[in-house]
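Throughout, protein chains are lettered first and strands after them, A, B, ... in sequence-line order, and every chain is numbered starting at 1.
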Amino acid sequence: MEPKQTQDKYEKITELAKRRGFFWPSYEIYGGVAGFVTFGPLGTILKRRIEDKFRDFFIRRFGMQEIESSIITPGKVFEASGHLAHFKEPLVECLKCHKRFRADHLLQEQAKMSDTETEKLSLKELETTLKEKDIHCPECHSKNFDTPKQFLTMFTTTIGPYSEATGYGRPEAAQGIFVEFKRLYEYAREKMPFGVAQIGHALRNEISPRQGLIRLREFTIMDVEYFFDPEEPCPWIKQIENETIHIIPAELKKKNIKKPIKTTIKKAMEKGYVKTPWQAFFMAQAKLFLTQLGVPPDKQRFIEKLEWEKAHYSLQSFDQEIYLDRWGWTEVSGLAYRTDYDLSRHMESSGVDMRVYKEYEKPITKERTVIKPVMAKLGPAFKKDAAKIVQLLQKINPKDAETALEKQGFIMLESFKILPDHVKISKEKIEEKGKHFIPHVVEPSFGSDRLTYITLEYAYQQKEDRTVLKLPREIAPIQIGVFPLLNRDELLKKAQKIHKKLFDAGFSVEYDDSGSVGRRYARMDEIGTPLCITIDHQTLKDKTVTIRDRDTRKQVRTSTKRLISTLHDYFHNNKRFEELGTPVK
RNA sequence: GCGGCCGUAGUCUAGCUUGGUCAGGACACCGGCUUCCCAAGCCGAGAACCCGGGUUCAAAUCCCGGCGGCCGCACCA
């Protein structure tokens, strides 16, 4: 039976992936669990090569730090970050039509309650409020609802044996960076800007994960948190200002315009589509990264998230989308401008000062109004309360106090009436040598599982009934196949010797002597091996071998002596295949 | 979680309507022959009815439940 004609690329790739050991659903022998995959031998290498490329492309090139933090995270962290509040979705089911709705949204829509009001409500309160406000199902207008249930999409666990301490599986790696900010900043020798990256697993208890590698419950996230001073320009923007991107800004999206604008980074900044140059800079890099993984620029676009779609921490977010055969435009990375949100929250919650200090080139002298208590008057007037008043005075705006005293002759601090005699208001010249501020953050964030799938989809080609994975040479799991042309002892031995030589030189290389040579080439094409070396009669005579190119099937002949440096040139110095030797035939 | 469709060797599938042969094929894989530059051929081997329960003399087939997959709704920080 021929394979189905209707098979789309997703089906072809999942079939190939299972057959050749890239990836498959986990726990199949127990029936499988949705949202988990196992990467097989080839998939593991491919995914690692993509992650290594990310390391090279982002971390190494921009001098970032890479860290590895824990997946299990104490509850406090997600309380501070706002995740606990925002990951809870109270769902309620209509008992008549069995549709599910957000209980808080129903109250907002029908009872005109504000989101701050509904946010406070417990599940029980939601249930009673639904009845009180006479809420009906928007679908069938029934007023019979099941009890609302919270869906927390973070995985919950307890830390330690006695455990009052709730822990969560991190839904993003970013918090692991923010909580370590102080040490990382010190490590960076207190220089701004700087970036920290993390590659690791994240967990999201998705309600219904689907789409293979695209939406998983456990996945690998590659996060960059780039810290910068929002008052300083981005020094690298010039490098990429002429890079073109396809972009759908929120204003177009709201008008339901789905056609992206093709523009340069420079113009996108000028038009105000992107709120910080750092964000624009990483958008350009994200585009280049995907291009290097094999996705043509016209299959990529950036789409801005609307106000209500954005994460709670984000001032502006773009999804980087890639066009996929089955699902159309699909998110591969998110670029969020997180401002100082996370650091501020952790600062507030932990009490640790996360601000950085920056010295000005020249000290700035400023004049400012100060208000000082005159203790000689204040003390006798307020006795025990005097100390409290001194504290209160520190919190008020001296300028406001000054005008209040001028206009009404006193200021009220709580119940205390402060008269002009009690304080001294003066102008002071202050020399500011620098400033304290909370760094802002832009976050490009990729899923390496998704990238693995996307890379496979864009590499997948069918040529004359043969499957070829045109993987970029630097990420191909197997770099070289080595074959003896004939099953003759001398050739076998020679081929094995060459195989070992390349293996020892650090190449990932596979030896194969089974079946015909054509079959072996086909096997290698299917897993994306860029080069195959064949040992034939002539090898024994003049110590040359043929190298065959996956994409063109052309062959060149080259000497075994220079083989290692020739291959090194191809894989590491980007040398063209044609330059590897003299053409055959 | 709801609705629709679906689940047979490594992969793709036939058989299911109408219960009854050793569950058939193709490709892949393994061993051998072939001595070979693009999945050639020949011989041979291994390998499957998602799980549980029910109906029945008899279940891949019918019924129920579970798990899983795809699509739609919802969700997607």
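- Residue side chain A/Gln555 reaches the base of B/C37 through a donor-acceptor N/O pair under 3.5 Å, judged by distance alone.
- Distance CZ (A/Phe22) to P (B/U11): 16 Å, rounded to an integer number of Å.
- Within 6.0 Å of NZ in A/Lys501 there are more than 12 heavy atoms belonging to other residues, nucleotides or ligands.
- Counting atom types as modelled, A/Arg520 pairs no side-chain N or O with a base atom of B/C38 as donor and acceptor under 3.5 Å.
- Note on A/Lys305: only backbone sugar-phosphate atoms sit closer than 4.0 angstrom, heavy atoms only; bases stay farther off.
- Between A/Gly32 and A/Ser514, the residue anchored nearer the 5' end of RNA chain B, judged by the nucleotide with its closest heavy atom, is A/Ser514.
- With rounding to whole Å, A/Arg519 atom CZ is found 14 Å from B/C38 atom P.
- Comparing B/C75, B/U11, B/C70 by their closest approach to the side chain of A/Tyr10 singles out B/C70.
- The ring of A/Phe507 has its center no closer than 6.0 angstrom to the ring center of A/Tyr570.
- Across all strands, A/Val584 comes closer than 4.0 Å to no nucleic acid atom at all (heavy-atom distances).
- The same atom, C1', is picked in B/A14 and in B/U8; the two are 9 Å apart, to the nearest Å.
- Heavy atoms from other residues, nucleotides or ligands lying under 6.0 Å from CD of A/Glu68 number 12 at most.
- Counting heavy atoms from C-beta on, the side chains of A/Ile547 and A/Phe577 come closer than 4.5 Å.
- Looking at heavy-atom distances under 4.0 Å, A/Asp525 makes no contact with the nucleic acid at all.
- Distance check on atom P: B/A9 versus B/G3 gives 28 Å, rounded to whole Å.
- Rounded to an integer number of Å, the gap from A/Gln211 CD to B/C73 C1' is 14 Å.
- If you check B/A28, B/U11, B/C37 against the side chain of A/Arg19, the one that comes closest is B/U11.
- Across all strands shown, A/Gly82 has no heavy atoms under 4.0 Å from either base or sugar-phosphate atoms.
- Between A/Arg553 atom CZ and B/A39 atom P there is a gap of 7 Å when expressed in whole angstrom units.
- Among the protein residues, A/Arg210 comes within range of the nucleic acid bases, having at least one heavy atom under 4.0 Å from a base atom.
- Atoms CZ (A/Arg20) and C1' (B/C27) sit 13 Å apart, rounded to a whole Å.
- As a whole-Å value, the separation of A/Glu331 CD from B/C76 C1' is 9 Å.
- Using C1' as the reference atom, B/A48 and B/C12 are 13 Å apart when rounded to the nearest Å.
- Look at the P atom in both B/U35 and B/C51: the space between them is 46 Å, to the nearest Å.
- Residues A/Phe302 and A/Asp319 fail the side-chain proximity criterion, which asks for heavy atoms closer than 4.5 Å.
- Nucleotides B/U11 and B/G52 are separated by 27 Å at their C1' atoms, to the nearest Å.
- For the pair A/Leu42 CG and B/U11 C1', the computed distance is 16 Å after rounding to whole Å.
- A cation-pi arrangement, defined by a distance under 6.0 Å to the six-membered ring centre and an angle within 45 degrees of its axis, is absent between A/Arg473 and A/Phe571.
- For the OP1/OP2 pair of B/A39 and a distance below 4.0 Å, the side-chain nitrogens and oxygens of A/Ser516 include no atom meeting the criterion.
- Residue-environment remark: NZ (A/Lys275) exceeds the threshold of 12 foreign heavy atoms within 6.0 Å.
- Interface remark: the A/Arg466 side chain does form a donor-acceptor pair with the B/C38 base, using a distance-only criterion of under 3.5 Å.
- Rounded to whole Å, the C1' atom of B/G41 lies 37 Å from the corresponding atom of B/C16.
- Nucleotides B/G24 and B/A45 are separated by 14 Å at their P atoms, to the nearest Å.
- Here the separation of B/A26 from B/C70, taken at their P atoms, is 30 Å to the nearest Å.
- Distance A/Trp327 CH2 to B/G69 P: 12 Å, rounded to the nearest Å.
- Remark: B/C75 base-pairs with no nucleotide; criterion is Watson-Crick or G-U wobble with both hydrogen-bond distances under 3.5 Å.
- Map A/Arg217 and A/Lys18 each onto its nearest nucleotide of RNA chain B; the residue landing nearer the 5' end is A/Lys18.
- Side-chain N/O atoms of A/Arg550 and base N/O atoms of B/C38 include no donor-acceptor pair closer than 3.5 Å.
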